[in-house]
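One structure is given below, encoded as structure tokens.
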Amino acid sequence: MDAKITKKRIGRLLSYDWIKIVALAAAAIVLWSLIFTMTATRITPAQQFTVFNYYCNAPLSQKFYDNYQSALSKGAFSYEVIETNVNDLTTGGKDYYLTLIEARFSTDEGDILFVPDIPDPDSKTTAEDGTESYAYTYSEAFFNRFYMNIYDIDAYLGGMAEYLNGFYGDYKTGTLDTQKAEADFVARITRNKDKRFKTDEAITQGKKDAVARLEKYRDALVKLSAYLESGVIALENRTLKGENGNNILDGNYALNICPDEAQMGELKNYIAYREELEDGVRATAKDMQVYFLKMPGVEESFQYESVCYLVQLLDASRTPDA
């Protein structure tokens with residue numbers, strides 16, 4: 001049998017079978033892409049920190065983005081956060097914000113949302129005498145729709161304190177049990193089969209980072225509690241009523257981070273909304289509120305990264321000499 005390869009035979013092969021060759025090559029590329037995609041280490045919800053800016057706010061400023069990036073690069077977060085993300089809902093506006101929020105929440109993306117506690121025009125009613133009133137604020141509207149994804153702040157901060165007490169005894173006055181912190185870290189990476197910690201060197205560094213994480217959580221909780229006690233920020237009650245008018249939910253779900261502009265005068269340079277005045281429009285952050293977002297895919301205890309970030313922002317937003 002003559003099996004000699006010639007230019008003529010190669011030409012015939014390419015003439016009649018080129019479609020099969022291209023199809024096989026494309027199939028091989030797709031197969032390898034699937035293999036790499038399926039075997040790649042995917043980022044977890046706890047490793048990605050996401051901020052939402054509500055659609056009624058002004059677009060986030062460059063100063064906000066600079067501050068947000070520095071929170072990651074300068075270590076405001078713990079070692080677990082390796083990526084930050086922003087969903088500025090002002091870009092899609094009122095027509096698309098619900099679609100964007102629901103899409104992100106469905107994949108467990110979301111840690112903090114900023115929304116002002118000012119009247120929502122959609123709830124405006126006008127009486128016969130011309131008097132205008134509003135049934136709810138933007139903050140209340142968000143809570144009423146997404147309450148299942150919002151932490152009760154008393155329970156949230158109480159859970160953080162209880163978690164820290166497991167390592168400090170009393171996080172306010174105790175000393176960190178580093179051996180327990182390291183043992184907890186090793187148990188976690190073993191349980192999760194964390195590929196980041198395959199070598200002894202990586203595990204040793206990981207233990208140090210785990211200790212630093214608890215120290216950051218403690219410092220952040222102490223500072224946030226001090227802000228609350230001094231009145232620089234304030235808890236805000238939210239209620240959700242059933243069809244018969246009874247309260248289904250009732251608690252401190254919102255955190256007002258600018259009850260007094262004299263104390264938090266710089267916040268408007270980071271996050272703000274436009275207030276219409278008789279002589280024009282001004283940017284303000286008065287009564288800007290924060291919701292701590294609850295995502296089921298975030299591993300327990302890592303939801304407290306939000307406190308670390310918020311404290312860093314509050315520190316940057318204080319009025320000079322206030």
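Numbering of residues begins at 1 and proceeds along the displayed sequence.
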Worksheet item: Taking atom CG of D95 as the centre, does the number of heavy atoms from other residues, nucleotides or ligands within less than 6.0 Å exceed 12?
Response: yes

Worksheet item: Should we count NZ of K208 as having more than 12 external heavy atoms under 6.0 Å?
Response: no

Worksheet item: Any donor and acceptor pair, going by atom type alone, linking the side chain of T319 with main-chain N or O of A262 inside 3.5 Å?
Response: yes

Discussion item. Test of understanding: clusters of I, L, V, M, F, W, Y form through side-chain heavy atoms closer than 4.5 Å, transitively. Do Y65 and L314 belong to the same one?
Written reply: yes

Worksheet item: Can you tell me how far the OG1 atom of T284 sits from the CG atom of L267, to the nearest 0.5 Å?
Response: 9.0 Å

Worksheet item: After noting the C-alpha distance and the side-chain angles of R318 and E266, does the key distance pass the side-chain contact (heavy atoms from CB on, under 4.5 Å) rule?
Response: CA-CA 6 Å; R318 292 298 307 276; E266 295 297 309; over 6 Å; no

Fill in: Closest non-hydrogen atom pair, Q312 against S70
NE2-OG, 3.4 Å

Practice prompt. Answer yes if the side chains of T137 and D117 hold a donor-acceptor pair under 3.5 Å, and no otherwise.
Written response: yes

Worksheet item: So, D194 side chain and R196 main chain: donor-acceptor pair closer than 3.5 Å or not?
Response: yes

Fill in: Modelled atom types, side-chain donor and acceptor of S139 and Y291, under 3.5 Å
yes

Discussion item. Within the 4.5 Å heavy-atom criterion, are I150 and R238 side-chain neighbours or not?
Written reply: no

Worksheet item: In terms of heavy-atom contacts, does CD of E299 have more than 12 from other residues, nucleotides or ligands at under 6.0 Å?
Response: yes

Worksheet item: Can you name the one residue among T91, D88, T90 that meets side chain to side chain donor-acceptor pair (under 3.5 Å) with N53?
Response: D88

Discussion item. Test side-chain contact (heavy atoms from CB on, under 4.5 Å) on I271 and I257; report intermediate values, then the result.
Written reply: CA-CA 11 Å; I271 301 160; I257 58 172; 5.6 Å; no

Discussion item. Less than 4.0 angstrom from a charged side-chain N to a carboxylate O is my criterion; do K286 and E261 meet it?
Written reply: no

Fill in: Y253-E236 side chain donor-acceptor pair, cut-off 3.5 Å
no

Practice prompt. Could you point out which residue of T50, L313, V290 forms a side-chain contact (heavy atoms from CB on, under 4.5 Å) with I112?
Written response: V290

Item to complete: Using ring pair (Phe, Tyr, Trp, His ring centres under 6.0 Å) as the criterion, point out the one residue from Y151, F114, Y156 that pairs with F292.
Response: Y156

Worksheet item: Can you tell if the side chain of C308 reaches within under 4.5 Å of the side chain of S78, non-hydrogen atoms only?
Response: no

Discussion item. I need the I43 CD1 to E83 CD distance, nearest 0.5 Å.
Written reply: 4.0 Å

Discussion item. Pairing donors with acceptors under 3.5 angstrom, does anything connect the side chains of K294 and N149?
Written reply: no

Practice prompt. Decide whether V86 and F142 are clustered together by the hydrophobic rule: side chain heavy atoms of Ile, Leu, Val, Met, Phe, Trp, Tyr closer than 4.5 Å, transitively.
Written response: yes

Response to the item:
d(D250 CG, N237 CG) to nearest 0.5 Å is 4.5 Å

Worksheet item: So, the side chain of Q303 versus the backbone of S301: is there a donor-acceptor pair under 3.5 Å, distance only?
Response: yes

Discussion item. Quick check on R282: does its CZ atom have over 12 non-hydrogen neighbours (other residues, nucleotides or ligands) under 6.0 Å away?
Written reply: yes

Worksheet item: Less than 6.0 Å separating the ring centroids of F52 and F105?
Response: yes

Worksheet item: So with a 6.0 Å cut-off around OH of Y147, is the heavy-atom count from everything else above 12?
Response: no

Worksheet entry | Modelled atom types, side-chain donor and acceptor of D66 and Q62, under 3.5 Å | yes

Worksheet item: Between R188 and E300, does at least one N-O distance fall below 4.0 Å, as a salt bridge requires?
Response: no

Discussion item. Grouping I, L, V, M, F, W and Y whenever their side-chain heavy atoms are under 4.5 Å apart, do M148 and Y136 come out in a common cluster?
Written reply: no

Worksheet item: Heavy-atom count around K94 NZ within 6.0 Å, excluding the residue itself: above 12?
Response: no

Response to the item:
Between V298 and A46, the two heavy atoms sitting closest are CG1-CB, 4.1 Å

Item to complete: Over 60° means perpendicular and under 30° means parallel, so classify the ring planes of Y163 and Y217, tilted if in between.
Response: tilted

Worksheet item: Is V115 reachable from L240 through a run of I, L, V, M, F, W or Y residues, each pair having side-chain heavy atoms under 4.5 Å apart?
Response: yes

Item to complete: With rounding to the nearest 0.5 Å, note down the distance linking CG in D111 to CG in L310.
Response: 12.0 Å

Fill in: Point-to-point distance, once rounded to the nearest 0.5 Å, from CG of N269 to CG of N67
11.0 Å

Item to complete: Give me the ring orientation class for F77 and Y309: parallel if the planes are under 30° apart, tilted from 30 to 60°, perpendicular past 60°.
Response: parallel

Worksheet item: When the ring centroid of Y68 is compared with that of Y270, is the distance short of 6.0 Å?
Response: no

Name the atoms and distances for all side-chain donor-acceptor pairs under 3.5 Å in residues 164-176, with sequence neighbours left out.
| residue | atom | partner | partner atom | Å |
| --- | --- | --- | --- | --- |
| N165 | OD1 | Y171 | N | 2.8 |
| N165 | ND2 | A161 | O | 3.3 |
| D170 | OD1 | K172 | N | 2.9 |

Item to complete: Specify the closest pair of heavy atoms between Q289 and A254, including all atoms of both residues, with the distance to one decimal.
Response: OE1-CB, 3.4 Å

Discussion item. Could you check whether atom OH of Y96 has more than 12 heavy atoms from other residues, nucleotides or ligands sitting under 6.0 Å from it?
Written reply: no

Worksheet entry | Heavy-atom pair with the smallest gap, counting every atom of C258 and N256 | N-OD1, 3.0 Å

Discussion item. Donor-acceptor check, side chain of D184 to backbone of K180, threshold 3.5 angstrom: yes or no?
Written reply: no

Worksheet item: Do E140 and D120 pass the side-chain contact (heavy atoms from CB on, under 4.5 Å) test, and can you show the C-alpha distance, the side-chain angles, and the key distance before you say yes or no?
Response: CA-CA 9 Å; E140 291 168 337; D120 185 337; over 6 Å; no

Practice prompt. Tell me, please, which residues at least two apart from K268 pass side-chain contact (heavy atoms from CB on, under 4.5 Å).
Written response: A272, A285

Worksheet item: Regarding E201 and T199, is there a side-chain donor-to-acceptor distance under 3.5 Å anywhere?
Response: no

Response to the item:
d(F302 CZ, E80 CD) to nearest 0.5 Å is 4.0 Å

Worksheet item: Do the two ring centres, one from F197 and one from F185, sit under 6.0 Å apart?
Response: yes

Worksheet item: Can you hop from Y138 to Y134 via hydrophobic side chains spaced under 4.5 Å?
Response: no

Worksheet item: Do L224 and I233 have side-chain heavy atoms sitting under 4.5 Å apart?
Response: yes

Worksheet item: Are any non-hydrogen side-chain atoms of E275 and I118 less than 4.5 angstrom apart?
Response: no

Practice prompt. Heavy atoms only: give me the nearest P259-V232 pair and the separation to one decimal.
Written response: CD-O, 3.2 Å

Item to complete: Using the test side-chain contact (heavy atoms from CB on, under 4.5 Å), find all partners of L100 that sit at least two apart in sequence or belong to another chain.
Response: L89

Practice prompt. Applying side-chain contact (heavy atoms from CB on, under 4.5 Å), run through D152 and L249 and close with a yes or a no.
Written response: CA-CA 10 Å; D152 177 313; L249 291 176; over 6 Å; no

Fill in: Least distance between heavy atoms, V211 atom then A181 atom
CG2-CB, 4.2 Å

Discussion item. I want to check something: taking the side chain as every heavy atom from C-beta on, are P116 and D287 in contact at a cut-off of under 4.5 Å?
Written reply: no

